[in-house]
*Asks:* 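Please read through the structure below; I'll follow up with questions.
The structure presented is a predicted model; accordingly, all values stated were derived computationally and were not measured. Reminder, nothing fancy here: chain letters follow the sequence lines and each chain counts from 1.
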2 protein chains.
Amino acid sequence: MPTQTFFNLPEDKRERLIAGAMKEFSSKSLNDACISNIVKNAKISRGSFYQYFEDKKDLYFFLIGKFRYNSHNLMLKSFQEKNGDFHEGYKLFSEKYIKYIMESEKFGFFENMYLHMSYQINREVRVDFKGTDSQLPKAKRIVDVVNRDNIKVNTENDLLEILKYILSMLNDTIMEGFWKELSVKDTQDLFIKRLEWIIYGIAISNKKEEEI
Amino acid sequence: MPTQTFFNLPEDKRERLIAGAMKEFSSKSLNDACISNIVKNAKISRGSFYQYFEDKKDLYFFLIGKFRYNSHNLMLKSFQEKNGDFHEGYKLFSEKYIKYIMESEKFGFFENMYLHMSYQINREVRVDFKGTDSQLPKAKRIVDVVNRDNIKVNTENDLLEILKYILSMLNDTIMEGFWKELSVKDTQDLFIKRLEWIIYGIAISNKKEEEI
DNA sequence: ATTAAATATGACAACTTGTCATATTATGCT
DNA sequence: AGCATAATATGACAAGTTGTCATATTTAAT
């Protein structure tokens, strides 16, 4: 987390630092990027940098948090728009999500992020499912807007696990999209294919029907 | 790839280098590890290192290749033992695979590998599905030992895609296991739960039965 | 105006990496 | 054997990085 000093900074200087960092992280991975370049880009002194951030990672995770899609809201809206239908809702969410990431003006940043995504980074782009990150009273929980009638879940926790798992699959698919330089459309299609495997199963039916 | 010089080395020296590197990579990630320590561990000169390997990554990927499970053979055997049954075969494979990784004396190495696994590293632990990596004439293709009667695949390519996807899911699950410090058993169970989602689907049946 | 707190700065030690001229060892040939 | 040539080994080195710290500057508070 950045220090309070960073947030107290005159906007001009703060933005310069952010821009300088984004420039560096757009062409390099977290590991290849270096603070020397960032402070050079931003025209601030090296000593100052360490007054704002603990280290390179600290800054990087701050930027991820700053620029990541508000996927919680997007997911809520998507499920609501599709009346809670699992398949349609997740599909709509994924299409918008993928489009946002892969057509962003921050393409380079996201590309490097996904190509070098480890479990630690993965956690940073997770959705707050239970949640109410934002203190808005209207904020709803995603588990409340998903219609459970058509899916094999008993408890809220089952649903949560599935939602989380599919989200991690979505991120993996985006990673694959960047790696193989797939188009937005192809990445979306790849995700949807996998989503359908998970929803409808790959087994030919009635071999084993899970207890409902 | 290591140079020929490396393979020409007297076994003693070569093993010293490998051991020195494993020591470093067992307590540090690829990025935190440094060549200085490795050559110090191995008691070889810095200059020599660069005669064998291009850089740290080159050595790292060599080690992954050297110590990774021969998953191709394990998968073949597992499916054969279960008469090609998709569910049972993959389950058996995953149980042995997870056990190997998580109970290996190279635990630290694998732990760091999984915790910092990016797409590039992920590729290194993939199975050669089509494959006959080994030139052994007996080597069979995995797609030939899977019984397709109970699964919704039309083409060999469909099957390949599903096999690959589930393998990447397996690796993600192992990653999660390391991150959350799950036991071998819990990691196996987590994988199997997800495997069953994919095989039997999470939808309550006959909502949409895919074309066979 | 004076003092204390907050912020800024760049020189610095400690550490990396990859290279290269030089030294050593091995190999092949007569 | 003796000599030439190729292969291998070595550590000093330039160039780069990181995080710190004593010092300078700015801001705020009385």
*Asks:* Distance check needed: dA6(D) C1' versus Gln4(B) CD, whole Å only.
*Replies:*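 Going from CD in Gln4(B) over to C1' in dA6(D) covers 15 Å.
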
*Asks:* When you look at Asp12(B) and Arg16(B), which way does the salt bridge (Lys or Arg N to Asp or Glu O under 4.0 Å) test go after all the steps?
*Replies:* CA-CA 6 Å; Asp12(B) 158 61; Arg16(B) 230 165 55 223; 3.2 Å; yes

*Asks:* Rounded to whole angstroms, how far apart are CG on Asn31(B) and P on dT17(D)?
*Replies:*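 Computing the Asn31(B):CG to dT17(D):P distance gives 16 Å.
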
*Asks:* I would like to know whether Asp85(A) and Tyr90(A) meet side chain to side chain donor-acceptor pair (under 3.5 Å); could you show each step before the answer?
*Replies:* CA-CA 8 Å; Asp85(A) 184 80; Tyr90(A) 224 122; over 6 Å; no

*Asks:* Between dG19(D), dT8(D), dA9(D), spot the one nearest the side chain of Asp55(A), thanks.
*Replies:*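 From the listed options, dG19(D) comes nearest.
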
*Asks:* Over how many whole Å does the gap from Leu9(A) atom CG to dT26(D) atom C1' extend?
*Replies:*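 Going from CG in Leu9(A) over to C1' in dT26(D) covers 13 Å.
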
*Asks:* Tell me whether Glu181(A) at atom CD has more than 12 heavy atoms from other residues, nucleotides or ligands lying less than 6.0 Å away.
*Replies:*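 12 or below, so no.
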
*Asks:* Taking only the side-chain heavy atoms of Tyr50(B) (C-beta and beyond), determine which of dG11(D), dG18(C), dT16(C) contains the nearest atom.
*Replies:*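 Closest nucleotide among those given: dG18(C).
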
*Asks:* Any side-chain donor-acceptor pair under 3.5 Å between His116(A) and Gln120(B)?
*Replies:*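 Distance-only check fails for His116(A) and Gln120(B).
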
*Asks:* Let me know the distance between CZ of Arg16(A) and C1' of dA8(C), rounded to the nearest Å.
*Replies:*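 Rounded to whole Å, this separation is 12 Å.
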
*Asks:* It should be established whether Thr5(B) places a side-chain nitrogen or oxygen under 4.0 Å from OP1 or OP2 of nucleotide dA7(D).
*Replies:*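 Thr5(B) to dA7(D) OP1/OP2: no side-chain N or O under 4.0 Å.
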
*Asks:* For Ile38(B) and dG18(C), what is the distance between atoms CD1 and C1' respectively, to the nearest whole Å?
*Replies:*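 That distance rounds to 15 Å.
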
*Asks:* Are there over 12 heavy-atom neighbours, none belonging to Lys28(B), within less than 6.0 Å of that residue's NZ?
*Replies:*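 Yes - once you tally the heavy atoms of other residues, nucleotides and ligands closer than 6.0 Å, there are more than 12.
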
*Asks:* Mind calculating the distance between CG (Asp32(B)) and C1' (dT16(C)) to the nearest angstrom?
*Replies:*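 Rounding to the nearest Å, CG of Asp32(B) and C1' of dT16(C) are 13 Å apart.
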
*Asks:* Closest-nucleotide mapping onto DNA chain D: is Arg46(B) or Lys13(B) further toward the 5' terminus? I mean the 5' end.
*Replies:*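 Taking each residue's closest nucleotide, the earlier one in sequence belongs to Lys13(B).
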
*Asks:* Counting only side-chain heavy atoms from C-beta out, which of dT16(C), dT9(C), dT17(D) sits nearest to Gln51(A)?
*Replies:*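 Closest nucleotide among those given: dT9(C).
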
*Asks:* Tell me the interatomic distance from Phe49(A), atom CZ, to dT18(D), atom P, rounded to whole angstroms.
*Replies:*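 Taking CZ of Phe49(A) and P of dT18(D), I get 9 Å after rounding.
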
*Asks:* Tell me whether the OP1 or OP2 atom of dT8(D) has a side-chain N or O from Ser48(B) closer than 4.0 Å.
*Replies:*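 No, Ser48(B) has no side-chain N/O under 4.0 Å of OP1/OP2 on dT8(D).
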
*Asks:* Measure from NZ on Lys40(A) to C1' on dG10(C) and round the result to the nearest Å.
*Replies:*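 Distance, rounded to whole Å: 14 Å.
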
*Asks:* Check the phosphate of dA7(D) against Asn8(B), side-chain N and O only, distance under 4.0 Å to OP1 or OP2. Yes or no?
*Replies:*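 No, outside the criterion.
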
